[in-house]
There are 2 protein chains.
Amino acid sequence: MKKASILEVSSLAGVSPATVSRVTSNAAPVRETTRKKVLAAMKELGYQPNSAAQSLSSKRSNTLGMIVSHLDGPFYGPVMSGVEETLRKLNKHVIIASGFAEEQAEKEAVDFLMARQVDGLILLTEGLDSEYLKDLEKRIPIYLINQHVDGLEIRNMYLDNDDGVYQATRHLIAQGHKDIIYIAGQEYKQDANERVAGFKRAMREAGLTVTGKQIVHTSFEVEGGIKGMQHMVDSGTAFTAVVAGNDEAAFGVYEWAARHGYSIPKDFSVIGFDDILMSNYVSPRLSTMHFPKYDMAKACATMAYQEIYNKKLPEGIKFKTDLVIRDSVIELK
Amino acid sequence: MKKASILEVSSLAGVSPATVSRVTSNAAPVRETTRKKVLAAMKELGYQPNSAAQSLSSKRSNTLGMIVSHLDGPFYGPVMSGVEETLRKLNKHVIIASGFAEEQAEKEAVDFLMARQVDGLILLTEGLDSEYLKDLEKRIPIYLINQHVDGLEIRNMYLDNDDGVYQATRHLIAQGHKDIIYIAGQEYKQDANERVAGFKRAMREAGLTVTGKQIVHTSFEVEGGIKGMQHMVDSGTAFTAVVAGNDEAAFGVYEWAARHGYSIPKDFSVIGFDDILMSNYVSPRLSTMHFPKYDMAKACATMAYQEIYNKKLPEGIKFKTDLVIRDSVIELK
DNA sequence: TTGTATGCGTTATCAT
DNA sequence: ATGATAACGCATACAA
C-alpha cells in the first residue's frame, strides 16, 4: 500500500480531484452521495493528503510553532502537553522549539519556525522584549503565555500573579503569622515583580509593615530558595513563615531547612506558587497556589486555532490561582 | 519585506533558479564567485526557502517525528531537549506528539506524524509492541529509545538496566547491607524486569538469598513507592535498605518514611535509578544511578540524521549508568 | 559548472 | 454541485 494521491482517489471515485479536495477540506458543499463515494475511495486506498502539497497550495502549514524556555522543567511540560493535545484534536500540528530563556536563542527559534511557515506562534518565552514582539505580531499571529505586552492584550494568556501571592500571604496571616519573608524571583522578570506586589499589598492591608529586609530577589530555582534563606538568616531577619516565589524555590527552602536542622512546618511555615507535580510529594506536602497551567495552555491553543483558522477575534484571558492547602503551613501559636 | 521566492533571488543574482537551489542545498558544486553572488542576493531579499515546496519537490520534509509517553514528567524532558537541540543545529525539525503510554493513542500519534510526511520516527513509547514496530520499520526509519526489539537492534538506543541496578545493589551491599528489598516497576515493562534481574544477580553473587518476598512490583511512580513500602511492612519483611525501580518511586519511599516517622538514611538506606533533576534536591539528597538521558537523546538524534540524510548505517548503542553517591545511603553498623 | 524544463500533490479560480 | 486548469516554490534530470 504505497501512498495514494488525490488523483487516484478521484479516478476511483469517478469524480474530479477538485471534488476530493472539497470533501477532505470540508470547505465547499458536496452532494451527500458523491461524498460517500469519495470517502469510500479514500478509505480503500488509505489516502492521506500530502501536507506539503496542501501547504504549498493553500499557503497554510496547518502547523503552529511553540517556543518554550526549556523542554524540561516541571512547569513547561504541562503547558506543552495542553497545547499539543488540544491542537492535535483539531488536526493541527505543533512544532516545539526551545529558547533557553536567552534572547538570541529565542529569536533564532522564531526564525527557525517562521522559515517553517508556521501559521502562528505560541510563545512562552523570557528573552523577547515588547518591541520585538509588537513587531513580530505584524508578521504573524502570536499568542503570549505568561507575558504581558501593552497593546497585545488580546493575544495574552495571563495569570493574576499579584492576586495569587496576595492570597498566599493572606493565608499565612490568617494562620497568625506576622513575621513573613518573601523569596522573590529574578528582579527583571515581570511575573516575579507582580508577585512581590501581591505580597506587599497583603501585608500592608493587614497592617503589617514590610521593609526591604523581608524581601530578597534570587531566582525561581531550588538554588534560589537556598540562597534566599541564607541571605535572610545572615541579615538577621526574624520570621515564622516564608512565601517562596515559586515551588522550586520553596524546595530550596526545604533543602536549606534540612541542611540546618530546621523542621517545616514546626520551626516555620512555607508556602509556594505554581503547584507543580512534585509539590504534592515532598515532605511536608507543600501548600501552594495552583497555577492552572494546563487549562491556560488549552485556552491558548483554542484561541490560536479560532483566530487563525476560523477568523475569530482573539481575546486575552486572565487566570486566577487557587489556594491549595497541604501540610507546610501551620497555625502560629 | 515580503517573502522572496527562489525566482527573484535567481534573477537578482543573474543566475538560474537551479543554481540558487544548488547553493542553498549545498548538493552540487557551484563556482565560488557565483555562490557569493547568490548568497548576496539571498541576503538582500531575506530569502528563506519555502519548506513546503522543498518537501513537495524533494519528497523529504526535513522533519523527524518524535513520540513520547508524556510531554511532562522529569524523564522525558531532558530527552526531548537533547533531540530537539541536536536536530535544530543540523537544521532539521522535530514534531513531538504524546502518546500517553497507551497503545491506541500511540498508534494514532504514529499515523498523525506519518501523514505529516516525517522522514523518520524517534520513539520513546510504551504501548507499541514488537510486531507493530517491526512492521512500521518497513515503512519508515524508526529509532527506539529504551525499548529493545529483536531484529531492530541497530536502531536501538538502549540502557543497560540490568547492570545499573546490579551496581546500585552492590553499592548497598558494600555498605554492609544484607536485608535489601526491591520496589519494582510494572511487571509488563521490559526495563522494569531487567532491573529486577540486576538486583537478583547482585544479591546472589554476594551470597545473599533473594526470595519473592523481597521484591514487589508496583509502578515507576511516587505512588508506587508508597504502596511498595506499605506492602513490605504489611508482609513483615525486614530490611535495612531499599532499592527503588526509579527515582520517582524512591520519592514515594521518602514519602512513606515521612508519614510513618522513619528517618532516611538513619532508619534505612534508599537508592534510586534515573537521576532526575529533583533527586539532587530532596532531603536527604538521593543516591541513585545516573541515566545519561541527554547523551542518549543526542546520540539517537545524530544517528537518525546520519542514516536518513547521509545514508550511513545506524548502529545501536548500549549506554551504561553511573553511580551517583549522595546522602540517602549510609554504612550499616 | 550552469541552465532548461518538468513534476511534486494539492487548492483555488473560473467555468459550467 | 462539480469539473478543468492554473498556480504554489522548489528540486532534479537532462542538456549544454
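Since the model is a prediction, treat every value here as computed from it, not as a measurement. In the text below, chain A, chain B and the rest are named by the order of the sequence lines, each starting its count at 1.
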**Asked** For B/R22, which residues count as a salt bridge (Lys or Arg N to Asp or Glu O under 4.0 Å) partner, sequence neighbours excluded?
**Response** none
**Protein-nucleotide distance (A/Q117, atom CD; D/dG9, atom C1'), rounded to Å** = 10 Å
**Asked** Out of curiosity, B/I67 CD1 to B/T125 OG1, how far, rounded to the nearest 0.5 Å?
**Response** 7.0 Å
**Asked** Can you list, by residue number, the residues of residues 13-26 of chain A that have a non-hydrogen atom closer than 4.0 angstrom to DNA chain C?
**Response** A/A18, A/S21, A/R22
**Prompt:** Cut-off 3.5 Å, side chains only: do A/D119 and A/Y309 have a donor facing an acceptor?
**Reply:** yes
**Message:** Expressed as a whole number of angstroms, how long is the span from A/L7:CG to D/dA4:P?
**Reply:** 11 Å
**Asked** Does the side chain of A/Q117 come under 3.5 Å of the side chain of A/S55 through a donor N or O and an acceptor N or O?
**Response** no
**Request:** Using only heavy-atom distances, determine whether the side chains of A/E85 and A/Y294 contain a donor-acceptor pair under 3.5 Å.
**Result:** yes
**Asked** So, A/H93 versus A/N91: side-chain donor-acceptor pair below 3.5 Å or not?
**Response** no
**Request:** Could you tell me the separation between the CD1 atom of B/I6 and the P atom of D/dC8, rounded to a whole number of Å?
**Result:** 15 Å
**Prompt:** If you measure only the distance, is there a donor-acceptor pair under 3.5 Å linking the side chains of A/E153 and A/Y158?
**Reply:** no
**Item:** Between D/dC10 (P) and B/M42 (CE): distance, integer Å
**Value:** 11 Å
**Flag if over 12 foreign heavy atoms under 6.0 Å of CD, A/Q190** = yes
**Prompt:** Of B/Y47 and A/E32, whose nearest nucleotide on DNA chain D comes first from the 5' end?
**Reply:** A/E32
**Prompt:** Can you check the A/L56 CG to D/dA11 C1' distance for me, whole Å?
**Reply:** 12 Å
**Request:** Please state how far atom CG in A/N62 lies from atom C1' in D/dC8, giving the value in whole angstrom units.
**Result:** 15 Å
**Asked** With sugar-phosphate meaning primed atoms plus P, OP1 and OP2, does B/T34 contact a base, only sugar-phosphate, or nothing at under 4.0 Å between heavy atoms?
**Response** sugar-phosphate
**Request:** Could you state the atom-to-atom distance from CZ of A/R35 to C1' of D/dT2 in whole Å?
**Result:** 13 Å
**A/T63 and B/R116: side chain donor to acceptor below 3.5 Å** = yes
**Atom-to-atom span, NZ of B/K59 to P of D/dA13 - whole angstrom** = 12 Å
**Asked** Can you give the first and last nucleotides of DNA chain C, 5' to 3', that have an atom under 4.0 Å from a heavy atom of chain A?
**Response** C/dG9 to C/dT13
